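Remarks on the structure that follows.
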Amino acid sequence: MSLVVVPFYQKRHKHFDQSYRNIQTRYLLDRYASKKQASSQSSSQRSLTERSSSKRASSQSSAEGMTCRLCAKRMSASEEEEVENENRYRSLAASYGEAKRQRFLSELAQLEENVQLARTQARNKLDKYFLEQTVADNLALERSSFEDRLSRAPEILVRLRSHTIWERMSVRLCFTVQGFPTPVVQWYKDGSLICQAGEPGKYRIESRYGVHTLEINRADFEDTATYSAVATNPHGQVSTNAAVVVRRYRGDEEPYHSVGLPIGLPLSSVIPYTHFDVQFLEKFGVTFRREGETVTLKCTLLVTPDLKRVQPRAEWYRDDVLLKESKWTKMFFGEGQASLSFSHLNKDDEGLYTLRIVSRGGVSDHSAFMFVRDADPLVTGAPGAPMDLQCHDANRDYVIVTWKPPNTTTESPVIGYFIDKCEVGTNNWVQCNDAPVKICKYPVTGLFEGRSYVFRVRAVNNAGISRPSRISDAVAALDPVDLRRLQAIHLEGEKEIVIYQDDLEVVPSAPGRVLASRNTKTSVVVQWDRPKHEEDLLGYYVDCCVAGTNMWEPCNHKPIGYNRFVVHGLTTGEQYIFRVKAVNAVGTSENSQESEVIKVQAALTVPSHPYGITLLNCDGHSMTLGWKVPKFSGGSAIIGYYLDKREVHHKNWHEINSSPVKERILTVEGLTEGSLYEFKIAATNLAGIGQPSDPSEHFKCEAWTAPEPGPAYDLTFCEVRDTSLVILWKAPVYSGSSPVSGYFVDFKEEDSGEWKTTSEAATPNRYLKVCDLHQGKTYVFRVRAVNASGPGKPSDTSEPVLVEARPGTKEISAGVDEEGNIYLGFDCQEMTDASQFTWCKAYEEIADEERFEVHTEGDHSKLYFKNPDKIDIGTYSVSVSDTDGVSSSFVLDEEELERLMALSNEIKNPTIPLKSELAYEIFDKGQVRFWLQAEHLSPDANFRFIINDREVSDSETHRIKCDRSTGMIEMVMDRFTIENEGTYTVQIQDGKAKNQSSLVLIGDAFRAVLEEAEFQRKEFLRKQGPHFAEYLHWDVTEECEVRLICKVANTKRETVFKWLKDDVLYETETPPPDLEKGICELLIPKLSKKDHGEYKATLKDDRGQDVSVLEVAGKVYEDMILAMSRVCGASASPLKVLCTPEGIRLQCFMKYFTEEMKVSWYHKEAKISSSEHMRIGGSEEMAWLQICEPTEKDKGKYTFEIFDGKDNHQRSLDLSGQAFDEAYAEFQQLKAAAFAEKNRGKVIGGLPDVVTIMEGKTLNLTCTVFGNPDPEVVWFKNDKDIELSEHFSVKVEQSKYVSLTIKGVTAEDSGKYSINVKNKYGGEKIDVTVSVYKHGEKIPDISAPQQAKPKLIPASTSAD
């Protein structure tokens, strides 16, 4: 045991206070006291027993000293029974009484002895207690007086120290405190009191000789905090604190650190006196930016202790040069972070940046490179901007400006530079040189003394001028000491000249050999030999090129001053070539020789540590362990694993296996039942043995007897996409009381506390695709095995998985190679030398070599199907080891397999592609041509025509030919008959390629071809004489006339053409058609049902005749009506209103109307049916709707519609408002006028207009009159009233028969006689001319008498 220094008063006065002893010492003292007391009690009991035994039975031996008197008596009785057997029955009563008396006496003696012993023991205890109490009182008095002399407040001798650890590691925080009385120590986490009972096994607190320890077992990320210890006694209180930082997932870091650059950072001269412990929580990495952009380099820090007034100092360096704040850079340090911000990047800002935190505890630093690419040039092909502009030797009228040239990789070389100056306070830039200068140095003259200037430089090449460099610092034109730089050059003999050194500057020579070596998965270390001539060297430019492309890209944009450079930002798995060129003020050197081709891979190192150690089974004497592969193999395949064990609380580890174990499962034998063990594992590869894993959890060696299965293990993930992933696991080693029947998969978000199950039913497989996850979220998983007894213990929680597809994720592709082999292919550019492709079916590794073959070449792997069949349908997956989870899957379903097999069959059994299959064509003469066309045929191609399984050859009946240049094969049959029914096949062979095409002409298909061939043959014969080129058809003209049309051909002057209807010659008023024009027309105006019939057109001459028939009836007639409706509907006029005595009539005029047209009338969208109130009719020129006796209900919109079989033609009228009122008023007037016309006085008939009569005769003029009421009748002669007499008499009978009688007519009676018939509604007047001739005279020659025409008399007008 190590010696511990304790205070002096503890050495001299240990007996005063038991608290100075540790727990183990107090435990040993208590155990010793209990054993001593037990031994004293047993010795006193033993002596008392021996004394009583000697008094009762001296014959008994010392071994039988504890035997009771009853047993002794029974033994003596037995002996007496043997000796005195014959007296046994006689002395039975006496013996029984004696035995009873002896037993009572012995029990009484024993009771007396026990009472005496109890009294003695009680007296001894009272005496001992009195003595102890007296001594304690005396000691208390002495101790209190001594404590008063030794009392002092707590004082911390050794303070707590901060720690940074990895997850699942243990950490101990220790400090030493002294004080009297002994201080009471309490531990706090972020100000909260730590309670051991709250988290059993998490914390262990110890106090030993003033050293107080807090041990945190298996720390996790939540244990990151500030821990404080407070020591208190009655005289005071002190505290100390420290930070514990728990790093999560050590495997996420690259196992091989990038090669450091040879830069020595200068130490700060001023160091803060206070001790600080600095931990970097987040660091900035390698950064890539362009000129003109903004960027911030930031680190998150944990500084302990966190003092507001005192802080460590943060310093930023670029390429070992301390940076200061400027208008380009801003620095910030505080609130747990340090940052460096750039407001406008230039190539001058490229370099290795280092953040150093300086304090009394030392220097903590972090470095990373920042690359700054050229901004897009103002002119395409122009060079990048110069950089690192410096001003030297400032004088009162000039200054020397220097700069570094840009790297020209793809651009044309720089031919010179332009220097611009600007006086401070203005924005006027003036170009200093007229012609470009070729070296990176220029003396600027013409400055004004006392003024300050800034400068910039622009590069020039054949394409144009670059962007300007960053502006230099301001320089004042003052007169400093003149430092002339001279150099003596010796010539031949004794001559020498003195020239400026600038005149000797030349371009440096090219660097030497370039070597490239592996570094990380995205970087390469490039080293080179310095050039032989490196006069005033400014640095080097490094270029890279993907092997085989000859497209060079710059790796750095600012010259580096050392001959070693780490090139970042490369593509993993790609092959690169590098070259270097040197730079000085004059320009750049020639390119160095190119390096060897190097593949970007991580350098070969030892593997990282395994993780996820799980207990899979235990039988009480052995444990079965499983673990996961390291996240980084070190660039080489892992050979095996080494395991160590130890019992909990033991310091020494013991080796389990001396040779590496290849499998990731091992049974550890020879364990002690009931003990706790922990294990650690290390992996090994060609580079050596890697770091061991963290100690496992504490596993207790006790047999598993639960009926439920043990935990599944080795949870792995693949095919991580934006919303899904596939989880795989291995079956539990311990299956329980029955076989495992399935698995439940639980998941949750990393920071969530509630587990969710993917499905209610257990999955029988050992893999599961989990879908419907949230992109960008991090999840953890666990698996529970299930058997007949229920779910078992869940597996260890998996590592967190970010659900997000990796950039550039590739999928498995299915295809067929040139030989017709079906394969699944996958590419992976992130492979390393240790990477391997693993192909699986149903996520089980494929081991069937009879059905599958894996071929891997470089970063491409293919899984070939040897004998593809339906049993190969399923899910195939591939994963690539030693990568960042590169994997993919492919579902080969039945449809995809059939497609691949068809493509494979085409490649293995090539066919001649056909442009068209076998088809037929019928010629005008009735010949049938069978033909097909191939894509291409070689001159050696051959073919066969087979009809009904019989090959036919070229003959007069089967004319066969082949044009191999076009791939056309055909056979022509002149006469196609009923005997040609069957199957037609053409077989083609061109080398190995074959094909055939068949055409089946049987049944209806054959009859259709035969009828078509026969028709074409007859058509050919018909066309030998006069014939119809187009048979009779019809159309409708714009005048709505039906026109029958036909076209004739092969006519001559003697050809006769006729129109027939129903076999009767149809006479037309038009002249016969001109057959030479070839068109014959027949117009049918105003088509109606009377035009039904069969119309024929005939052609005839000496060569033959032809007939074309068209029956105008049924469907043809209906189509004609619809066609006429189309013309009439288009020509229909707007609806017009016509008022009649019966009502209001709506009329639509059109070119022709017949009631057979499909017309409809609508009132307010409702169809109108013909009725007494609404009568529908029409004439040849119009269609009308009669609204009889209209009322207010008849107001509204009226629509006339005519349907032409396709479209509806509509005309509408809104009969409401003023339009209806005006029409209704006119109707009332017409109605009244019609009533008056109907009831006015009128002469119905009977009077002629002229009467001739001979003298002396009697003239009787008689007529019938009508009127309601009865009219008034007045006769006139020569417009004068007739005076009634015997000569003139008027007679009215029944108020309607009126007569005028003239007796004895004389010549004086000749003249105009008028009858005037009138009532209140009006009347009429009829004139009759009477001509009287004498007897014997010739009757006057007058026209035949006619009905006299009346003259209307209005109701308001009276007759004269």
Side-chain angles (χ1 to χ4, degrees), residues 1 4 6-77 98-151 180-184 206-210 233-234:
M1 181 181 295
V4 180
V6 297
F8 69 96
Y9 52 84
Q10 293 187 20
K11 293 181 180 179
R12 297 174 57 188
H13 304 283
K14 291 185 179 179
H15 59 283
F16 283 131
D17 194 353
Q18 292 288 339
S19 64
Y20 291 128
R21 302 183 181 132
N22 59 16
I23 296 175
Q24 184 176 2
T25 304
R26 291 199 298 270
Y27 171 74
L28 292 175
L29 290 175
D30 293 342
R31 186 175 181 185
Y32 174 75
S34 62
K35 285 184 177 179
K36 186 176 180 181
Q37 182 179 359
S39 62
S40 63
Q41 290 179 0
S42 63
S43 61
S44 62
Q45 181 69 27
R46 190 180 301 112
S47 62
L48 180 60
T49 303
E50 288 176 355
R51 288 196 301 270
S52 63
S53 297
S54 61
K55 293 179 181 180
R56 288 192 304 268
S58 58
S59 61
Q60 294 180 355
S61 64
S62 61
E64 297 175 345
M66 299 301 292
T67 306
C68 65
R69 293 285 295 174
L70 181 61
C71 294
K73 183 61 180 175
R74 286 178 180 176
M75 292 177 64
S76 62
E98 181 66 20
K100 186 176 181 181
R101 187 181 66 84
Q102 292 294 332
R103 184 168 63 252
F104 176 76
L105 293 175
S106 63
E107 289 178 355
L108 183 60
Q110 181 67 34
L111 180 60
E112 292 176 353
E113 291 178 359
N114 290 340
V115 172
Q116 184 65 28
L117 178 61
R119 289 176 177 176
T120 304
Q121 290 179 348
R123 187 180 296 112
N124 292 337
K125 288 185 176 180
L126 289 174
D127 292 343
K128 184 179 179 180
Y129 177 75
F130 177 75
L131 292 175
E132 290 179 351
Q133 188 66 30
T134 302
V135 172
D137 293 342
N138 294 333
L139 292 177
L141 292 174
E142 296 178 4
R143 182 171 55 189
S144 60
S145 62
F146 188 76
E147 286 179 352
D148 292 339
R149 297 194 299 269
L150 297 179
S151 297
F180 192 84
T182 302
V184 178
E206 291 183 353
S207 297
R208 182 180 300 175
Y209 306 115
N233 70 2

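These numbers were taken from a predicted model, which means no experiment stands behind them. These values consider heavy atoms only, across backbone and side chains, with no hydrogens, waters or symmetry-generated copies.
The CG atom of Asn114 lies 10.5 Å from the CD atom of Glu112; values are rounded to the nearest 0.5 Å. Between Gln110 atom CD and Leu105 atom CG the span is 13.5 Å, to the nearest 0.5 Å.
Contacts of Gln133 classified as side chain to side chain donor-acceptor pair (under 3.5 Å), with partners at least two apart in sequence or in another chain: Asp137.
Counting only heavy atoms from C-beta outward, the side chains of Val115 and Arg119 approach each other to under 4.5 Å.
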